[in-house]
Amino acid sequence: MRMSAGGICTKAEAMNGFASRDLLADGGAMLTMLQLADSALPIGRHAHALGLERMLRDGRVPDAERLREVVVSALIQGCARGDGAAAALAHDAQRSGTEARLISVDERLDCLKLTAPAQTASRRCGRRLAALVPRLCDNSLLNTYAAAVLAERTPGHLAVITAATAAACGISRRSTVLMEVRGVATMILSAAVRLDVLPAAASQAMLAGLAPDILKASELALSSSLEDMDCSAVAAIEIAAMRHAQDHGRLFAT
Amino acid sequence: MAVRIGIGGPVGCGKTRLVERLLPIFQGEGVSVAVITNDLVTLEDSERVRRSGLIDPERVLGVESGACPHTAIREDPSVNIEAVEYLEARFAPDLIMIESGGDNLAATFSSELVDWWAFVIDVAAGDDIPRKRGLGVLRADLLIVNKIDLACHVDADLDRIRADVARARPDRPSLFTNLRDNDGVRGVFDEIARGTLFGRAA
């Protein structure tokens with residue numbers, strides 16, 4: 001046990017010591033998770049707003065509270081049984097060592113992304129991550145799967161390749177799903193800042209306040225089977241994204 | 001795999017005009033070309049090139065970056081790489097021109113996206129731009145100072161610009177052009193041929 005300067009280890013110091021050891025024990029996985037969740041990961045996330053740009057133009061996001069409602073809907077009614085569940089199941093598949101299981105999750109998710117914008121955002125980012133995977137992680141199954149994505153033998157949705165990478169790098173199933181679900185919130189909030197819906201500091205405060213919703217969506221995702229997976233029930237977002245695709249002037253791809 | 005060249009620079013400097021001027025030259029040299037435009041908010045640039053009659057419209061892709069243009073050509077060029085791969089798979093062009101959306105003086109292209117790139121500025125935007133030594137001016141494989149015909153109308157000191165450019169880029173090429181009147185575009189093509197080594201020197 002680490003000792004304080006006076007030779008007595010306080011409770012707080014002990015807790016800090018345990019926390020430090022835990023972080024060190026999972027250090028490699030932690031670093032990978034931070035990298036996968038980092039906005040600097042070059043997979044094109046910045047090009048997507050999940051319909052927010054169109055909703056803003058339609059006057060459907062007049063204030064921060066409405067924006068928060070959009071994010072919560074996207075998490076609970078959209079992501080939880082979709083990308084979130086796919087992440088959980090892809091993590092299982094990667095750990096089981098079976099490429100066919102990874103592909104079945106990918107194909108199931110593909111069937112549930114009903115609109116072209118939803119397909120585009122997920123597949124494009126997933127493909128870029130697949131191209132990056134060999135530089136991030138040395139795992140034969142993961143590299144085989146990434147090659148299948150690049151060869152278009154499987155759709156290559158972002159949630160699936162992210163979770164497979166996370167599992168291969170030792171990130172836990174729960175952390176993987178949490179990262180995936182949080183990623184949906186940060187993607188919308190990041191777009192909201194660029195669309196001037198709210199300032200950057202306010203978006204971070206909102207993200208912190210969304211923790212219960214992120215956790216709730218993650219629990220739903222973690223408890224979902226392949227059959228439980230479902231398409232997005234957030235019609236307003238899906239319709240906005242489809243209308244956005246028809247716009248002449250637009251900042252975001254979706 | 002196609003040779004990839006980037007064309008960057010501030011809004012209104014003449015990037016799209018440069019693309020339009022280069023297309024006939026490439027065609028004359030037997031170079032198969034495709035074009036990617038990074039439009040900031042609209043599809044104006046891509047539609048302008050498509051309508052130009054200078055290239056098969058299907059070989060022109062407009063990319064929405066969802067961010068400041070420099071993000072999509074430098075920090076995270078994924079959306080442009082995706083567009084490049086699409087055009088390569090569909091048309092197998094010899095060369096792809098990637099026009100960045102109008103951006104600030106610090107914009108640069110990632111070497112993961114392009115093999116060579118030019119930065120365009122225009123004298124009407126201020127004759128002090130080279131002195132500001134933005135990364136675009138300093139780092140580009142070729143600096144193009146465009147609209148030299150306007151210098152006398154906006155009180156821009158062309159001699160001073162030339163001297164500042166020479167100081168800012170002592171070992172890199174720079175060209176002064178009036179792209180509206182096709183003045184200097186052949187020199188740009190020669191620099192591309194030399195810089196990308198694609199074996200079609202003028």
*Look up atom CD1 in I81(B) and atom CZ in R128(A), then write down how far apart they are to the nearest 0.5 Å.*
5.0 Å
_Report which part of R45(A) has an atom under 4.5 Å of a heavy atom belonging to chain B: side chain, backbone, both, or neither._
backbone
*Would you say Q27(B) has more than 12 foreign heavy atoms packed within less than 6.0 Å of its CD?*
no
*Answer yes or no: does atom CZ of R182(A) have more than 12 heavy-atom neighbours from other residues, nucleotides or ligands under 6.0 Å?*
no
*Spell out, as yes or no, whether a donor-acceptor pair under 3.5 Å connects the side chain of D76(B) to the backbone of H46(A).*
no
_So for E82(B), is it side chain, backbone, both, or neither that comes closer than 4.5 Å to the heavy atoms of chain A?_
both
*Is it the backbone or the side chain of R194(A) that comes under 4.5 Å from a heavy atom of chain B, or both, or neither?*
side chain
*Near R59(B) CZ, under 6.0 Å, is it more than 12 heavy atoms from other residues, nucleotides or ligands?*
yes
*Can you see which heavy atom on G44(A) is nearest to which on S78(B), and at what distance?*
N-OG, 3.3 Å
*Considering residues, nucleotides and ligands other than D196(A), do more than 12 of their heavy atoms fall under 6.0 Å from its CG?*
no
_Whether over 12 other heavy atoms sit under 6.0 Å from D138(A) CG_ = no
*Heavy-atom distance under 4.5 Å to chain B: side chain of L41(A), backbone, both or neither?*
backbone
*Would you say R60(A) has more than 12 foreign heavy atoms packed within less than 6.0 Å of its CZ?*
no
